[in-house]
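Just so we're on the same page: letters track the sequence lines, and every chain starts at 1.
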Amino acid sequence: MKIVSWNVNSIKARGEHVKRYLKEEFPDVLMLQELKGLDFPAGDFKTLGYESAYVPQKAYNGVAILSKHPMIVIHEALPGDETDEQARYLEVDITGTRMIAIYLPNGNPAPGPKYEYKLAWMERLYARLKALRNEDHAFLIGGDFNVIPEDKDCYAPDKWIEDALFRIETRKPYRSLINLGLTDAFRVFDTRDQQYSFWDYQAGAWQKNNGIRIDHFLLSPTLADRLESCRINKDPRGWDKPSDHTPIEIILQEKAAA
DNA sequence: ATGGTCGTGTGACGA
């Protein structure tokens with residue numbers, strides 16, 4: 001089972017890119033972030049064989065999950081704050097596996113109210129994942145975490161040290177998610193530095209490979225045991241009019257027969 | 001480099 005996460009930076013601007021990707025890679029599940037608008041081309045994806053669940057918002061944010069298999073929506077918002085209006089969380093069940101797509105807040109500038117929102121959001125996420133773990137629920141979470149886990153996940157750590165994506169107050173709660181017993185799928189197979197999922201549009205960042213690794217999949221223990229591969233697919237970042245992010249792809253072994 | 005680039009929706013703001 002192939003599961004992918006991709007921050008597309010507007011589904012309106014990147015609809016054709018997503019369709020091309022589905023036709024070339026035929027993932028079972030595709031998580032999308034930063035839809036950046038209320039419109040969503042569910043009909044186009046249906047034609048290609050995908051069911052859609054999406055949580056849109058005007059102009060900003062927005063997450064979706066496309067699935068070849070039957071999908072049941074569990075939560076369309078991160079529990080823990082009824083006043084939070086931002087479209088950043090979608091939790092579904094696909095053939096008995098819980099799957100969560102997130103667009104974690106960026107948090108810049110830090111310090112400031114946006115950063116406080118990010119840290120509070122991470123606390124709520126921790127509570128949600130801890131609850132799933134305590135229920136012994138098999139789950140995976142993918143998306144744009146807006147967290148650079150380690151020095152080797154950015155091109156120049158000294159330039160990022162005060163940034164909301166890399167500050168120690170950000171990395172600490174990310175580590176707490178890992179410490180729930182979750183596995184960073186990418187690091188199971190690849191310990192190299194300079195393996196990035198995002199390159200800024202500015203200053204020739206892509207050409208110079210000045211990137212950061214901020215798109216992740218975290219797996220609960222039974223799913224980590226089924227993990228066959230994880231790779232960052234850099235091809236779509238090189239397409240015409242690309243997103244500033246590129247897809248991260250995992251493959252899980254099929255469940256053993258009951 | 002005290003720049004630089006995209007996207008939304010049409011003027012700033014977010015990343």
Side-chain angles (χ1 to χ4, degrees), chain A residues 5-21 30-42 44 54-64 77-78 83-90 101-122 125 142-149 153-167 169-171 173-174 196-216 232 234-248:
Chain A
S5 175
W6 189 9
N7 179 324
V8 290
N9 187 23
S10 164
I11 192 61
K12 190 196 289 179
R14 234 66 64 187
E16 293 305 315
H17 298 66
V18 173
K19 285 192 269 180
R20 175 179 169 184
Y21 180 84
L30 176 58
M31 301 175 172
L32 301 173
Q33 301 87 31
E34 283 215 84
L35 306 176
K36 294 182 102 167
L38 294 174
D39 293 335
F40 190 80
D44 291 356
Y54 48 100
V55 181
Q57 181 183 334
K58 186 180 175 181
Y60 301 113
N61 309 319
V63 291
L78 177 59
T83 68
D84 185 359
E85 308 258 310
Q86 300 191 26
R88 298 180 174 278
Y89 184 94
L90 178 57
I102 64 163
Y103 174 46
L104 203 147
N106 177 297
N108 279 308
K114 290 197 171 71
Y115 192 54
E116 294 306 311
Y117 173 70
K118 177 179 194 161
L119 295 179
W121 207 93
M122 293 184 82
L125 183 62
D144 178 355
F145 281 68
N146 272 314
V147 177
I148 299 164
D153 296 314
C154 60
Y155 66 93
D158 52 313
K159 287 188 170 63
W160 288 92
I161 200 76
E162 296 296 330
D163 192 279
L165 280 62
F166 194 55
R167 291 173 71 95
E169 301 95 324
T170 302
R171 282 182 281 147
Y174 179 81
Y196 306 135
S197 66
F198 167 93
W199 297 260
D200 201 284
Y201 288 124
Q202 301 182 74
W206 167 246
Q207 289 76 9
K208 291 186 274 193
N209 196 30
N210 286 347
I212 52 179
R213 191 174 74 91
I214 57 175
D215 297 272
H216 310 300
I232 295 169
K234 288 169 72 170
D235 292 349
R237 185 62 179 79
W239 293 351
D240 194 40
K241 297 276 180 193
S243 168
D244 39 10
H245 296 248
T246 211
I248 174 171

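- Closest to the A/A59 side chain, of the nucleotides B/dG7, B/dA15, B/dG9, is B/dG9.
- Spacing between atom NE2 of A/H17 and atom P of B/dG7 amounts to 9 Å, rounded to whole angstrom units.
- Rounded to whole Å, atom C1' of B/dT2 lies 14 Å from atom CD of A/Q202.
- In this structure, the CD atom of A/Q33 is 16 Å from the C1' atom of B/dG7, given to the nearest Å.
- Residue-level contact check: A/F198 touches neither bases nor backbone, having no heavy atom under 4.0 Å from any strand.
- Comparing B/dG3 with B/dG7, their P atoms are spaced 23 Å from each other, to the whole Å.
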Checklist entry - Going through the distances and angles, do A/W199 and A/N210 end up as a side chain to side chain donor-acceptor pair (under 3.5 Å)? => result CA-CA 6 Å; A/W199 297 260; A/N210 286 347; over 6 Å; no
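- We find that CG of A/D200 is positioned 17 Å from P of B/dG14, with the value rounded to whole Å.
- Put simply, NZ on A/K118 and OG1 on A/T170 are 4.5 Å apart, with the number rounded to the nearest 0.5 Å.
- Separating the P atom of B/dC13 from that of B/dG9 is a span of 16 Å, rounded to the nearest Å.
- Side-chain atoms of A/Y103 lie closest to B/dA15 of the nucleotides B/dG14, B/dT5, B/dA15.
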Next on the checklist: Run A/D84 and A/Y89 through side chain to side chain donor-acceptor pair (under 3.5 Å) and show every step you take.
Outcome noted: CA-CA 11 Å; A/D84 185 359; A/Y89 184 94; over 6 Å; no
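- Contact annotation for A/K114: backbone-only contact, meaning every heavy-atom pair under 4.0 Å involves sugar-phosphate atoms and none involves a base.
- We find that NZ of A/K241 is positioned 6 Å from P of B/dC6, with the value rounded to whole Å.
- Under the side chain to side chain donor-acceptor pair (under 3.5 Å) test applied with A/S197, the options A/D153, A/D215, A/D144 reduce to a single match, A/D215.
- Comparing B/dG4 with B/dA15, their C1' atoms sit 14 Å apart, to the nearest whole Å.
- Panel note: side chain A/R14, backbone A/N9; a donor-acceptor pair is recorded below 3.5 Å.
- Nucleotide B/dA15 holds its P atom 17 Å from the CZ atom of A/F145, rounded to whole Å.
- For the pair A/Y115 OH and B/dA15 C1', the interatomic distance rounds to 16 Å; values are reported in whole Å.
- Where A/P105 and A/A13 meet DNA chain B, the nucleotide closest to each residue was compared, and A/A13 sits on the side nearer the 5' end.
- Separating the P atom of B/dG14 from that of B/dT10 is a span of 15 Å, rounded to the nearest Å.
- Rounded to whole Å, atom C1' of B/dT5 lies 11 Å from atom NZ of A/K36.
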